[in-house]
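Please read all numbers here as calculations on a predicted model, not as lab measurements. These values consider heavy atoms only, across backbone and side chains, with no hydrogens, waters or symmetry-generated copies. As the structure lists them, so they are numbered: ligands from 1, and atoms in each ligand from 1.
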Amino acid sequence: MTDKNKTVKIQASRLQELIKNKLMTAGLPEDSALETAKHLTYADLSDIHSHGAVRVAYYAERIAKGGVTKEPKITYTKTGPATATFDGDNGQGHYVANLALEKVIDLVKENGIAMLGVTHVSHTGMLAYYVEKLAEAGYVSLSMTQSDPMVVPFGGSENYFGTNPIAFGAPRKNGRPIFFDMATTVQAWGKVLDARSKGESIPDTWAVDATGEPTTDPHKVAGLLPIAGPKGYGLMMIVDILSGMLFGLPFGKSVSSMYKDLDKGRNLGHVYIAIDPARFTSLDQFTANIEQMVEELHAIKPAEGFDQVYYPGELAILSTERNLEQGIDIPKHIIDYLESDTIHFDQYGNKDAFAE
Ligand code: NAI
């Protein structure tokens with residue numbers, strides 16, 4: 001195991017505190033730093049480490065260099081009974097997208113359905129975080145967001161769409177809600193980085209090289225592949241249209257790059273569509289049906305090589321329970337950075353989307 005892969009165990013509360021402090025040192029006000037720290041800790045607790053503490057050095061660099069508005073002037077505009085925009089003035093994405101939830105809940109409570117576009121924000125992180133909150137409030141929801149163009153469209157050899165994730169959440173009678181949350185690429189960029197750091201090859205279904213040919217060499221990756229060929233490609237287009245183009249934001253290959261122009265706002269889009277199940281059935285009946293579905297899925301005989309069938313999101317919930325009890329495994333170099341006086345490493349300035 002290389003030094004980079006060495007991990008240490010840390011309690012969630014300590015991790016959250018360290019992240020908050022680092023983001024405040026980089027320049028974020030306490031409320032924004034705290035909300036971002038809660039979000040990143042939620043990701044690490046869920047074992048979705050690609051969207052946890054590993055991102056702090058990058059966020060700190062963008063914040064310190066002026067590419068995030070530290071005290072954004074947010075503009076909420078109701079555009080119809082059930083529709084609205086929430087312009088984030090390029091504030092910290094996790095903070096702005098979380099604030100917008102309050103408005104989504106107001107709209108869906110009143111109308112039974114709501115659609116709200118969060119516009120001009122930086123990276124909004126792990127989408128399960130938001131749909132789980134909407135489900136806790138009793139609503140079924142979808143959330144989608146734009147990300148930088150690092151995916152080849154089906155049949156193409158140049159990048160166009162982002163890894164554009166989509167998440168779904170629904171309330172449950174017992175326990176944490178159901179949530180499903182995925183990038184529309186076969187694998188997240190973080191998994192390619194992981195293979196690089198371990199000196200491993202990658203399956204030829206993940207990515208292509210600069211000529212558009214499938215590659216097994218993680219160092220040659222120039223574009224990621226959509227899930228299920230033309231179907232994932234279509235899905236990432238839908239995400240881009242619903243979370244960006246619809247609100248007049250840059251789309252496709254014009255979406256800003258995570259590691260470029262660190263002194264400028266990213267102008268990304270993020271969308272919520274929320275539905276009140278009580279407008280179609282009773283909430284009790286709906287959550288009882290979800291419960292029945294979970295039980296029926298759990299009762300399915302596992303295939304060879306599997307221990308059981310999990311419902312979507314269940315593994316993240318089980319990871320959270322274990323990590324809350326035993327501490328979270330985080331690479332030591334990340335904890336060293338969080339505990340240090342260093343604000344950021346000048347690591348990302350003007351790198352392309354495929355930076356380490
Ligand atoms: P993933 O591949 O780890 O999981 C995708 C989904 O499959 C999850 O809902 C998971 O619960 C479910 N799942 C996985 N294994 C399962 C099993 N054995 N049984 C049942 N269900 C199972 O997720 P992915 O695609 O790597 O995305 C990771 C995160 O990255 C997501 O939270 C996503 O929101 C975030 N993301 C954010 C972006 C942004 O720009 N803000 C861009 C791309 C991804």
Side-chain angles (χ1 to χ4, degrees), residues 36 39-52 54-55 58-59 62 88 92-98 118 121-133 135 141-151 159 161-170 176-195 202-203 205-207 224-228 232 235-236 239-240 243-244 249 251 255-259 266-272 293-294 297-298 300 302-303 305-320 353:
T36 308
H39 186 127
L40 302 190
T41 305
Y42 170 97
D44 279 321
L45 275 171
S46 309
D47 281 340
I48 302 294
H49 298 294
S50 56
H51 285 71
V54 70
R55 302 267 176 162
Y58 156 69
Y59 294 138
R62 181 172 278 281
Q92 180 66 11
H94 313 78
Y95 170 69
V96 174
N98 185 65
V118 181
V121 273
S122 63
H123 190 236
T124 53
M126 178 178 175
L127 298 188
Y129 184 81
Y130 310 105
V131 292
E132 185 173 5
K133 284 192 172 189
S141 72
L142 283 168
S143 181
M144 293 162 244
T145 196
Q146 293 178 296
S147 84
D148 28 341
M150 51 200 309
V151 188
N159 298 341
F161 288 121
T163 56
N164 299 355
I166 179 164
F168 169 88
R176 279 176 66 180
I178 293 277
F179 52 87
F180 175 71
D181 179 22
M182 65 160 203
T184 44
T185 41
V186 177
Q187 283 297 351
W189 172 234
K191 306 255 171 71
V192 179
L193 280 185
D194 205 34
I202 56 171
T205 50
W206 288 14
L224 298 173
L225 284 165
I227 49 169
L235 259 183
M236 56 184 60
V239 172
D240 199 27
S243 64
L249 295 169
F251 55 90
V255 171
S256 65
S257 248
M258 184 167 281
Y259 304 127
R266 290 204 62 199
N267 292 312
L268 297 175
H270 175 111
V271 71
Y272 295 116
M293 183 184 76
V294 165
L297 287 171
H298 279 165
I300 285 179
F306 289 85
D307 56 350
Q308 73 162 86
V309 171
Y310 296 95
Y311 61 82
E314 187 170 11
L315 291 178
I317 292 172
L318 294 173
S319 292
T320 302

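When I317, D181, V186 are checked for heavy-atom proximity to atom 8 (C) of ligand 1, D181 turns out nearest.
Scanning for salt bridge (charged side-chain N to carboxylate O under 4.0 Å, His left out) contacts around R176 gives E132, with sequence neighbours left out.
Listed by number with element, the atoms of ligand 1 under 4.0 angstrom from any heavy atom of M182 are 5 (C), 25 (O). For ligand 1 and F180, the ligand atoms under 4.0 Å from any heavy atom of the residue are 6 (C), 7 (O), 9 (O).
For ligand 1, the polar-atom distance check finds no N/O of S50 at less than 3.5 Å from any of the ligand's N/O atoms. For ligand 1, the polar-atom distance check finds no N/O of A188 at less than 3.5 Å from any of the ligand's N/O atoms. For the pair L127 and ligand 1, the shortest N or O to N or O distance falls below 3.5 Å. Close N/O approach between A183 and ligand 1 is found [any backbone or side-chain N/O within under 3.5 Å]. Residue H51 has at least one N or O atom closer than 3.5 Å to an N or O atom of ligand 1.
A donor and an acceptor atom, one from each side chain of T163 and T185, are nowhere located under 3.5 Å apart.
Taking 4.0 Å as the cut-off, A167 does not count as a neighbour of ligand 1 on heavy-atom distance. Heavy-atom distances between A128 and ligand 1 stay at or above 4.0 Å for every pair.
Under 4.0 Å from ligand 1, the heavy atoms of L315 that appear belong solely to its side chain.
Tested against H94, the residues Y59, Y130, Y129 include a single ring pair (Phe, Tyr, Trp, His ring centres under 6.0 Å) partner, Y59.
Within the structure, every pair that satisfies the salt bridge (charged side-chain N to carboxylate O under 4.0 Å, His left out) test and touches residues 41-52, not counting sequence neighbours, is listed here: D47-R322.
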